[in-house]
Amino acid sequence: MRRRRDDEEPEKTPLVKEIPPKARDLSEWYQAVCYKAQLVSLAPVRGCVVLRPYGFALWERLQATLDGRFKATGHENAYFPLLIPERLLSREAEHVEGFAPEVAWVTQGGGETLTERLAIRPTSEVVIGTMYAEWLQSYRDLPILINQWANVVRWEKRTRPFLRTLEFLWQEGHTAHATEREAADEVQQMLGIYADVAEDVVAVPVYAGEKSQSERFAGATHTFSIEALMPDGRALQAATSHELGQNFARAYNITFSAEDQTLQHAWTTSWGMSWRMIGAMIMVHGDDRGLRIPPRMAPYEAVIVPISGTDGADVANAARTLLATLRDAGIRAKLDDRMALRPGAKFADWDIRGVPLRIEIGAKDLRDGVVTFVRRDREKGEEGAKTVCPSDDVPARIPELMDDIQRSLYKQARTFLIEHTIATQDRAEFYRLCRERAGMIEIAWCERPECEAHVKVETSATTRVLRVRHGGDTVCTACGEPAVGRAYFAQSY
RNA sequence: CGGGAUGUAGCUCAGCUUGGUAGAGCGCUGCGUUUGGGACGCAGAGGCCGCACGUUCGAGUCGUGUCAUCCCGACCA
């Protein structure tokens, strides 16, 4: 943010001044977008951000989508406490060990030192499992399908807006089932929902699959995730879904009387998506002008900018009428009637904030009975970037235009992912591609932790997800041992 | 948590080498003129120079410490 490189070519005057070119330094660009688009502000606490109204509106869009899909699949929302007594936390050994380095502790309350420390939840398996143990009696109580919208705290060393902050917002689903099979189906169902939301709503293409043993959630028997690819060639884990086996059930006594009169441990799952998904959206779709929000995620699908000129009153009236019409049609529209700014300044402002469609109304449009459409997903001057639409057709045209923009953003991102998914059978090339952050590097893999560890030491890359296994008729590209499947390797966020 | 860099107005930064009354551009406030890609004029407001200690007659400038931020690694949604 503070230093400029001086070995670059002279740049054209950008359409938006506050944002450095995305290709020059992704990290600098990313931060500028987060702040200038007024999504977040740095908080007066290390590693935390304030989610400003426009940023919160994005979260609300994601939340609404996910919440709807959870409920459609039979889940209910509930809320569990932020604080976890230490004794409770330490019951599942692997789980505690996994989270120990990043747990924040409350040691005082009411002016007195507590006899037992309270952990601020890094995730809620423990509290929720404890309650499930209390609630669950019979196989007739199963399945338990609960989701909670919550904040969690993980004491991270290095933070960045949305991608990694000490406190973040997410949802965590926690379910309990009578059989392993049912739990496994649940985990796949939720993984599918995450992939679907990422691709269809956030327009971020992902690879969904199982995590390797070393990337598994602490205490899980199987972890699955969706992985997106960022423009710098690093992968971003955008959601996870875990089979917890009976590990937590044993640690927290989640048992039930089965139909056959035996006492059994439940099979539990957990799954979560956080506001990190918004970070992926920003990086994947943004350009040199700032954010480009896929219509289904956009707080405002269209912003109306009146160009007042000498017929100010007429134009202002037309703009207000149009706003009312759009809102009646169920379109999320915003009228920018700020008098202090001239149109150009508003264009730049809404460009940064990524509104999919700008509707300009000026004296000329009024005279011709049209409005001017400007699509955010196209470059200025690009074919179809700017079009006119008869005023009467506007409410009907916008939904199809939104679909088109949604598709075009997804397609651009999909093309990038495919072009940067590289399969290789050559060991030297594999290591080189990993080091260079060339993208998702796909190889035949042995699935041995030692092999993965070696690749990591050499290249900083790890497996992102495993692909469906095949016959094992080949050798691991990374080490030469027999391969048992294929895997994507990449450096990650 | 290791290595590197940076902290001066809301933002981007100059001033530090050689200590001597705090600067620019943009933004902000008021009035007027403007309005199809960041308007112009006039008038204004805005600073414990990150913080602490030290050196000095005197510190934005020199020294030590500390905190924060950014970059590169190690650890993670």
Side-chain angles (χ1 to χ4, degrees), chain A residues 1-5 13-20 25-28 30-32 35-36 41-47 98-103 122-123 150-160 162-172 194 211 214-218 223 225-228 236-242 270-280 289 305-312 315-316 337-352 358-366 371-372 374 380-381 385-386 388 456-457 460 462 491-493:
Chain A
M1 198 150 179
R2 284 175 171 99
R3 269 169 308 126
R4 286 278 133 75
R5 293 186 201 156
T13 306
L15 240 38
V16 169
K17 284 183 281 201
E18 292 88 343
I19 313 280
D25 183 338
L26 186 66
S27 176
E28 198 176 322
Y30 176 77
Q31 291 184 61
Y35 300 131
K36 302 294 180 182
S41 270
L42 281 176
V45 201
R46 182 190 84 82
F99 278 102
E102 48 196 63
V103 172
T123 177
N151 57 338
V152 288
V153 169
R154 295 182 188 177
W155 217 258
E156 303 290 351
K157 309 289 187 201
R158 211 176 139 196
T159 60
R160 14 172 143 232
F162 295 115
L163 303 178
R164 181 170 295 107
T165 48
L166 293 200
E167 180 185 7
F168 61 92
L169 297 183
W170 75 345
Q171 58 65 218
E172 45 179 326
Y194 288 143
K211 292 298 237 177
S214 49
E215 295 284 316
R216 199 178 286 158
F217 177 74
T223 286
S225 75
I226 56 171
E227 302 278 334
L236 184 78
Q237 179 174 305
T240 51
S241 187
H242 315 288
S270 67
W271 28 273
M273 180 181 274
S274 75
W275 70 18
R276 178 184 254 193
M277 189 73 237
I278 295 173
R289 283 187 276 159
V305 178
I307 294 145
S308 302
T310 48
D311 304 315
V315 170
D337 55 3
R338 289 175 291 180
M339 297 308 289
L341 296 186
R342 297 161 96 247
K346 295 179 183 179
F347 298 167
D349 198 23
W350 294 109
D351 277 355
I352 296 176
R358 181 172 77 235
I359 304 175
E360 302 176 7
I361 307 183
K364 274 183 271 175
D365 301 296
L366 228 50
V371 299
T372 300
V374 183
K380 183 180 160 67
K386 193 180 241 189
V388 294
K456 185 170 184 181
V457 168
S460 296
T462 52
Q491 294 186 33
S492 71
Y493 270 91

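Here is the naming used below: chain letters follow the sequence lines, and residue numbers restart at 1 for every chain. Remember, predicted model here, so these are calculated numbers, not experimental data.
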Inset, instruction - Write down the distance separating the P atoms in B:G50 and B:U6, rounded off to the nearest Å. - result: 14 Å
Inset, instruction - Would you tell me if any nitrogen or oxygen in the side chain of A:Q237 comes within less than 4.0 Å of OP1 or OP2 on B:C76? - result: no
Inset, instruction - Measure from CZ on A:R160 to C1' on B:C76 and round the result to the nearest Å. - result: 13 Å
Inset, instruction - With C1' as the reference atom in both, quote the distance from B:U17 to B:A59 in angstrom, rounded to an integer. - result: 16 Å
Inset, instruction - May I ask which nucleotide in the shown strands pairs with B:C76, Watson-Crick or G-U wobble, both distances under 3.5 Å? - result: none
Inset, instruction - Choose from B:A39, B:G37, B:C76 the nucleotide whose nearest atom is closest to any side-chain atom of A:K456. - result: B:C76
Inset, instruction - Calculate the interatomic distance between A:K157 atom NZ and B:A68 atom P; express it in whole Å. - result: 13 Å
Inset, instruction - In whole angstrom, give me the gap between the P atoms of B:C67 and B:C28. - result: 37 Å
Legend entry - Partner nucleotide of B:A68 by Watson-Crick or wobble geometry (both distances under 3.5 Å): B:U6
Inset, instruction - Rounded to the nearest angstrom, tell me the gap between atom CG in A:L169 and atom P in B:A77. - result: 17 Å
Inset, instruction - Look through every strand shown and name the nucleotide pairing with B:G25 as Watson-Crick or G-U wobble, where both distances are under 3.5 Å. - result: B:C11
Inset, instruction - Just name whichever nucleotide pairs with B:C31, Watson-Crick or G-U, keeping both distances under 3.5 Å, else none. - result: B:G41
Legend entry - Nucleotide B:A74, atom C1' - distance to CH2 of A:W155 in whole Å: 20 Å
Legend entry - A:R154 to A:W170, cation-pi by 6.0 Å centre distance and 45° axis angle: yes
Inset, instruction - Round to a whole Å and report the spacing from CZ of A:R338 to C1' of B:A39. - result: 15 Å
Inset, instruction - Hunt down the Watson-Crick or G-U wobble partner of B:G63, both distances under 3.5 Å, from any strand shown, or write none. - result: B:C53
Legend entry - Span that lies between the P atom of B:G10 and that of B:C62, in whole angstrom: 23 Å
Inset, instruction - Report the distance from atom CZ of A:R158 to atom P of B:G4, rounded to the nearest whole Å. - result: 16 Å
Legend entry - A:T165 side chain, from C-beta outward: closest of B:A77, B:A68, B:G37: B:A77
Inset, instruction - Identify whether a stacking contact exists between A:F168 and B:A77, where the ring centres must be under 5.5 Å apart and the planes under 30° apart. - result: yes
Inset, instruction - Take the angle between the ring planes of A:F162 and A:W275 and call it parallel below 30°, perpendicular above 60°, tilted in between. - result: perpendicular
Inset, instruction - Describe the nucleic acid contact of A:P343 in one word from base, sugar-phosphate, nothing, applying a heavy-atom distance below 4.0 Å. - result: base
Legend entry - Pairing partner of B:G47 (Watson-Crick or G-U wobble, both distances under 3.5 Å): none
Inset, instruction - Kindly indicate whether a cation-pi arrangement holds for A:R276 with A:F168, taking the cut-offs as under 6.0 Å to the six-membered ring centre and within 45° of the axis. - result: no
Inset, instruction - State whether the distance check finds a donor on one side and an acceptor on the other, under 3.5 Å, for side chain A:S460 versus base B:G73. - result: no
Legend entry - P gap between B:U18 and B:U64, integer Å: 16 Å
Legend entry - Distance in angstrom units between A:F162 CZ and B:A77 C1', rounded: 14 Å
Legend entry - Pairwise C1' distance, B:A24 and B:U55 [rounded to whole Å]: 32 Å
Inset, instruction - Could you tell me whether A:D349 and A:R338 make a salt bridge, using a distance below 4.0 angstrom between a side-chain N and a carboxylate O? - result: yes
Legend entry - Check ion pair A:E215-A:K456 (N to O, under 4.0 angstrom): no
Legend entry - Separation of atom CZ in A:R342 from atom P in B:G41, rounded to whole Å: 12 Å
Inset, instruction - Select one nucleotide: of B:C70, B:C76, B:G36, the one nearest the side-chain heavy atoms of A:I307. - result: B:G36
